[in-house]
Amino acid sequence: MGVGRGQDASSSAPPPGAMASFFSSFRSSALRRKIPSPATGEPADGRLLVRRLGLVQLILIGIGASVGSGIFVVTGTVARDAGPAVTVSFILAGVASALNALCYAELSSYFPAVVGGAYLYTYAAFNELTAFLVFTQVMVDYHIGAASIARSLASYVVATLELFPLFRGHFPSWMGKGGKELFGGAVSINLLAPILLLILTAILCRGVGESSMVNSLMTTTKVVIVIIVIFFGAFEVDVSNWSPFAPNGVKAVVTGATVVFFAYVGFDAVANSAEESKRPQRDLPIGILASLIVCALLYVGVCLVVTGMVPYNLLSEDAPLAEAFTSKGLKFVSVLISIGAIAGLTTTLLVGLFVQSRLYLGLGRDGLLPSVFAEVHPSHHTPIKAQLWVGAVAGVMASFFNVHVLSHILSVGSLTGYSVVSGCVIALRWKGKPQAQPAIRGISARQEGIICLITIACSGFITGLCYRFGASFPFPVAAVLVAILAVAFLHIRQVHANPPGFSCPGVPAVPALSIFFNIFLFAQLHEEAWWRFVILTAIAVIFYAIYGQYNTFRKCPNDSAYHSIPTDEIS
């Protein structure tokens with residue numbers, strides 16, 4: 001995979017005291033793009049990652065990243081509001097996630113050889129600065145999420161051990177049971193969470209083969225347990241509990257879909273396995289879509305069972321599945337559910353740490369972060385220093401902070417990344433206007449397209465605000481109509497060529513719908529999440545202006561740093 005370099009770092013540095021030159025250099029650097037070139041089929045050397053992941057392993061990575069505590073906890077939380085129609089909430093969220101999955105599948109086929117995921121796609125489709133901003137938003141989600149999951153995993157481990165009389169009552173709060181709060185809750189000490197993170201980080205440092213084996217084992221375990229739960233629960237279903245099906249109306253069902261949407265997150269994990277996939281151009285799209293389908297089936301099955309076993313208003317919000325089976329006298333299934341929750345959290349955490357290190361690897365190679373993150377161990381073929389860094393960050397956060405209080409600023413990165421990736425599908429298909437289409441004065445074909453994408457995103461945000469605050473009917477309708485006109489303009493004014501490999505259907509309509517719905521969900525987040533988006537963006541721009549723009553490609557001046565697609569994959 002080659003890249004278009006733009007100007008080099010030495011020519012982009014502004015002379016001292018020349019603000020005009022600085023801003024000119026900043027603009028030219030920020031607008032650089034990584035241009036894909038034909039794969040050469042060169043074998044990897046000891047400095048690079050190695051291709052060890054097959055199709056089944058990629059599917060299990062996607063499932064492992066998605067199916068965590070949500071299937072054991074979130075179902076009960078949402079069902080309290082949506083009722084048995086929580087099943088519909090999961091279906092709606094699954095359909096919305098499918099739109100994102102189709103976009104990820106196309107781009108993973110388009111860029112099958114290199115790590116980077118949403119960052120890489122944005123770099124190629126838009127520009128360097130936007131790619132760096134996407135990375136920062138996504139990475140904050142990953143860091144906070146990893147620390148939060150580690151604490152939850154520690155709590156589940158302690159709770160499961162205390163099922164046995166030998167361990168009951170022997171674990172203090174600072175050893176995994178929430179944490180020992182100090183200074184009025186500003187600090188919360190938890191020692192088990194960082195120990196678990198250390199173990200998983202060590203496994204990931206050993207190699208992708210070892211970490212994939214652990215993920216496959218744990219993911220298979222939790223999927224089997226979920227199937228057992230569905231099987232035994234089906235015999236305890238009372239269909240009268242499904243009536244009324246949507247006690248609080250359609251709005252509660254839609255709101256539930258915005259909550260459970262994040263239970264399907266996992267596309268980026270598969271996409272970031274590109275450089276370690278044996279047959280990436282074929283297997284990555286299949287892995288993305290297959291893992292989504294499996295997750296959707298498991299979620300729907302669990303929802304039908306749990307709402308059929310217990311009236312929705314009596315479901316526990318903390319452990320709905322376990323308590324539902326306990327109430328039916330099936331305590332052995334409750335034990336299995338605890339084991340399944342541990343397996344689910346372990347794989348989610350493992351894959352999350354895996355993805356983070358590969359993202360740091362990609363930016364370290366490009367020079368947007370220090371070169372230490374680009375180093376790959378010569379024998380283990382893993383980015384050990386990047387892996388140790390992400391493990392250390394998560395460990396410190398999980399050790400001293402009650403990161404659950406930060407949950408309301410999560411998901412900003414995921415929604416931002418998904419929206420930009422959907423836009424990348426459209427942008428990378430642009431081949432300019434047909435000759436019969438006159439250009440609008442002063443606006444290029446590319447600028448026209450970007451304006452349309454921004455219009456669709458803004459329309460989704462306005463529609464989301466109208467829904468959130470109960471605005472009168474004409475306002476959301478007007479916003480939707482503007483989005484439709486923008487999509488129509490894209491269709492008429494742009495030529496969208498078919499890419500090699502997997503092709504997302506219905507371009508530009510399907511990616512545009514994905515953008516619209518993602519930003520609609522963005523509007524449902526807490527105001528603190530919006531402030532996080534703005535503040536983090538400002539910090540990232542400052543860091544890029546001071547460091548990133550001057551160091552891009554200084555570590556990797558030639559194409560050899562990019563791991564090519566295997567020869568038998570090149571069509």
Side-chain angles (χ1 to χ4, degrees), residues 70 74-83 85-97 99-100 133 137 140-141 144 244-265 312-313 317 404-420 422-423 451-487 511-538:
V74 174
T75 49
T77 303
V78 178
R80 298 279 294 216
D81 294 323
V86 63
T87 305
V88 179
S89 296
F90 270 98
I91 293 173
L92 291 175
V95 172
S97 298
L99 300 175
N100 291 298
L133 296 178
Q137 294 291 346
V140 168
D141 270 11
I144 297 175
F245 190 68
N248 295 317
V250 175
K251 186 171 183 178
V253 177
V254 176
T255 301
T258 66
V259 175
V260 304
F261 173 82
F262 307 106
Y264 290 95
V265 172
Y312 73 93
N313 57 334
E317 294 191 21
H404 291 291
V405 301
L406 300 177
S407 61
H408 55 280
I409 66 169
L410 278 173
S411 305
V412 175
S414 299
L415 289 172
T416 302
Y418 286 172
S419 301
V420 176
S422 298
I451 291 172
C452 287
L453 294 176
I454 294 173
T455 300
I456 293 167
C458 291
S459 298
F461 187 71
I462 293 171
T463 305
L465 290 179
C466 292
Y467 172 80
R468 178 174 180 173
F469 296 110
S472 58
F473 187 70
F475 292 101
V477 170
V480 171
L481 288 177
V482 170
I484 293 174
L485 290 175
V487 175
L513 183 59
S514 176
I515 295 172
F516 185 91
F517 191 78
N518 290 333
I519 302 302
F520 177 91
L521 294 179
F522 187 97
Q524 311 308 310
L525 299 175
H526 288 79
E527 288 84 353
E528 291 91 337
W530 303 344
W531 280 111
R532 172 214 136 164
F533 178 82
V534 173
I535 294 171
L536 184 60
T537 296

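When reading the values below, keep in mind they use all heavy atoms of this one structure, side chains included, and skip hydrogens, waters and symmetry mates. In this chain, residues are counted from 1 in sequence order. Bear in mind that the values here come from a model prediction, so they are computed numbers and not experimental data.
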CZ on F517 to CG on L99, rounded to 0.5 Å: 8.5 Å

Within-4.5 Å side-chain heavy-atom neighbours: Q524 and V259: no

Heavy atoms of other groups near F473 CZ, more than 12 under 6.0 Å: no

Side chain Q137, main chain G417, donor-acceptor under 3.5 Å: no

Side-chain touch F262/L410, heavy atoms, less than 4.5 angstrom: no

Separation between CZ of F520 and CG of L465, rounded to the nearest 0.5 Å: 9.5 Å

Non-hydrogen side-chain atoms of V78 and F90 separated by less than 4.5 Å: no

Pair Y418-S97, side-chain hydrogen bond (donor to acceptor under 3.5 Å, both in side chains): steps then yes or no: CA-CA 9 Å; Y418 286 172; S97 298; over 6 Å; no

Derivation and outcome, side chain to side chain contact (heavy atoms under 4.5 Å, CB included), residues V412 and L536: CA-CA 11 Å; V412 175; L536 184 60; over 6 Å; no

Minimum heavy-atom distance between I519 and A457, given as atom pair plus value: CG2-O, 3.1 Å

Distance-minimising heavy-atom pair for R80 and Y312: CD-O, 3.6 Å

Shortest non-hydrogen contact between S422 and S514, atoms and distance: OG-OG, 2.8 Å

Heavy-atom closest pair, residues V260 and S89: CG2-O, 3.7 Å

Side-chain heavy-atom pair L415, L525 within 4.5 angstrom cut-off: yes

From C458 atom SG to L453 atom CG, the distance as rounded to the nearest 0.5 Å: 11.0 Å

Whether F522 and W530 hold their rings parallel, tilted or perpendicular, with breakpoints at 30° and 60°: parallel

Test item: F516 and V487 side chains (from C-beta on) under 4.5 Å apart, heavy atoms: no

Distance (rounded to the nearest 0.5 Å) between C452 SG and I515 CD1: 10.5 Å

Atom of V253, atom of A85 and distance for their closest heavy-atom approach: CG2-CB, 3.6 Å

CZ/F475: more than 12 non-hydrogen atoms of other groups inside 6.0 Å: no

Shortest non-hydrogen contact between A479 and T463, atoms and distance: CB-OG1, 3.3 Å

T258 side, atom OG1; R468 side, atom CZ - distance, nearest 0.5 Å: 10.0 Å

D141 side-chain N/O to S414 backbone N/O, donor-acceptor pair under 3.5 Å: yes

Atom pair OG1/CG of T255 and L521 - distance to nearest 0.5 Å: 10.5 Å

